[in-house]
Protein chains: 2
Amino acid sequence: MKEKSVSSDILVEFRKICEKHGIKLTYQRLEIYRVLLEADDHPSAEEIFLRVQERVPTISLDTVYRTLATFEKVGLIKKIYSLDDKARFDPNVSPHHHVVCSKCHRITDFSWPEIEKIPLPEELKEWGEIKERYLELRGLCKDCLQREKG
Amino acid sequence: MKEKSVSSDILVEFRKICEKHGIKLTYQRLEIYRVLLEADDHPSAEEIFLRVQERVPTISLDTVYRTLATFEKVGLIKKIYSLDDKARFDPNVSPHHHVVCSKCHRITDFSWPEIEKIPLPEELKEWGEIKERYLELRGLCKDCLQREKG
DNA sequence: GTAAGTGCAAATGATTTGCACAGCG
DNA sequence: CGCTGTGCAAATCATTTGCACTTAC
């Protein structure tokens with residue numbers, strides 16, 4: 001339910017972000033940012049590269065990697081690992097959870113604020129300092145269920 | 001609180017497992033199995049290789065990889081990904097959750113059966129069929145907290 | 001004996017890095 | 001103009017695979 005910004009808004013918004021974090025605003029970074037904003041499927045670096053390439057044909061894969069690392073450092077995105085060995089990138093940095101399909105590995109966001117309120121088991125008191133609760137649900141998504149039946 | 005088996009028990013137990021799944025009992029597999037049983041720290045393939053190597057100096061890393069893949073296929077272990085890009089292996093295949101240290105990346109098991117009972121948010125009803133709930137807590141472990149202060 | 005399992009070395013796939021040039025501030 | 005960012009190619013790291021030899025059953 002996130003509002004998609006209009007093109008010109010993105011530029012203004014991204015300029016602010018770059019200034020705030022002291023990084024240069026480049027065409028490549030802007031387009032990677034744009035792709036990330038439009039993505040709701042937690043793409044891998046390779047997938048992001050392919051999407052950006054449609055707009056910036058001369059971009060290189062390692063620039064995508066470098067930019068993603070930069071974006072992660074400044075807290076613009078989150079790197080996630082799930083059932084795959086390759087990383088995926090999540091432009092949603094606010095606390096939320098994931099449902100992952102065991103078959104197609106598609107990752108979908110969901111929120112469940114109530115989970116924060118439930119007291120943790122006693123045994124964890126001595127583990128250290130817990131900062132975040134991340135829940136990953138696993139199962140078969142609708143599409144894969146369909147395919148299994150068909 | 002899992003009882004560690006005595007050496008001879010392991011052999012008997014592992015022979016049964018191999019028969020059950022129709023895989024051959026080899027020295028290498030037995031020793032990898034032993035290392036997994038003794039491990040409570042979710043080692044990577046490389047770490048498992050190093051530990052097995054102390055007992056079987058001629059073992060090769062790719063045998064470790066192949067064996068871990070076989071063990072996973074028959075349901076003896078679980079492959080897990082967390083903050084790292086490299087896989088770790090969990091000899092505990094019963095449903096349980098993890099606390100991960102954001103600094104040292106150490107993974108510790110914990111169980112929280114109550115989490116199963118809590119009804120999931122409505123919006124997930126239409127996602128598909130959810131089979132498993134996995135919770136990952138993140139924070140700083142005791143050791144890393146100490147080091148940060150010191 | 002025969003197919004499955006192993007070790008070696010080489011291939012692969014994801015990600016990182018050194019270097020020279022380009023472009024933002 | 002100076003330094004950060006980019007593109008290219010080559011390096012690295014985790015993991016996989018082809019092949020010839022070994023071994024469990």
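The shown structure was predicted, so the numbers you read here are calculated from the model rather than taken from an experiment. Below, chains carry the letters A, B, ... as their sequence lines are ordered, and counting in each starts from 1.
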Considering just the side-chain nitrogens and oxygens of Thr63(A), establish if one lies under 4.0 Å of OP1 or OP2 belonging to dT6(D).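 Answer is no, no contact under 4.0 Å.
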
Within the structure provided, determine whether Tyr81(B) and Lys79(B) are in side-chain contact (heavy-atom separation under 4.5 Å).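 They are in contact (side-chain heavy atoms under 4.5 Å apart), so the answer is yes.
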
Tell me, do Glu13(B) and Leu37(B) make a side-chain contact under 4.5 Å, heavy atoms counted? yes

For Asp85(A), answer base if it contacts any base atom (sugar-phosphate contacts may also be present), sugar-phosphate if it contacts only those atoms, and nothing otherwise; contact means non-hydrogen atoms under 4.0 Å.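 No contact.
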
When all nucleic acid strands are considered with a 4.0 Å heavy-atom cut-off, which category describes Ala87(A): base, sugar-phosphate, or nothing?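 The residue Ala87(A) makes sugar-phosphate contact but no base contact.
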
Positional range of nucleotides in DNA chain C within the contact set of chain A, heavy-atom, under 4.0 Å: dA14(C) to dG25(C)

Mind checking the CZ-CD1 spacing from Arg138(A) to Ile107(A)? Nearest 0.5 Å is all I need. 10.5 Å

Near DNA chain C, under 4.0 Å by heavy atom, which residues of residues 17-33 of chain A? Lys24(A), Leu25(A)

Do His97(A) and Asp109(A) get their side chains close enough for a donor-acceptor pair, meaning under 3.5 Å? no

Side chains of Ser82(A) and Glu136(A): donor-acceptor distance under 3.5 Å anywhere? yes

His96(A) and Tyr134(A) aromatic centres sub-6.0 Å: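 No, they do not, as the ring centres are separated by 6.0 Å or more.
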
So which one's nearest nucleotide on DNA chain D is more toward 5', Thr58(A) or Leu61(B)? Thr58(A)

Listing request: all salt bridge (Lys or Arg N to Asp or Glu O under 4.0 Å) pairs with a residue in residues 59-74 of chain A, at least two apart in sequence or in separate chains. Asp62(A)-Arg66(A)

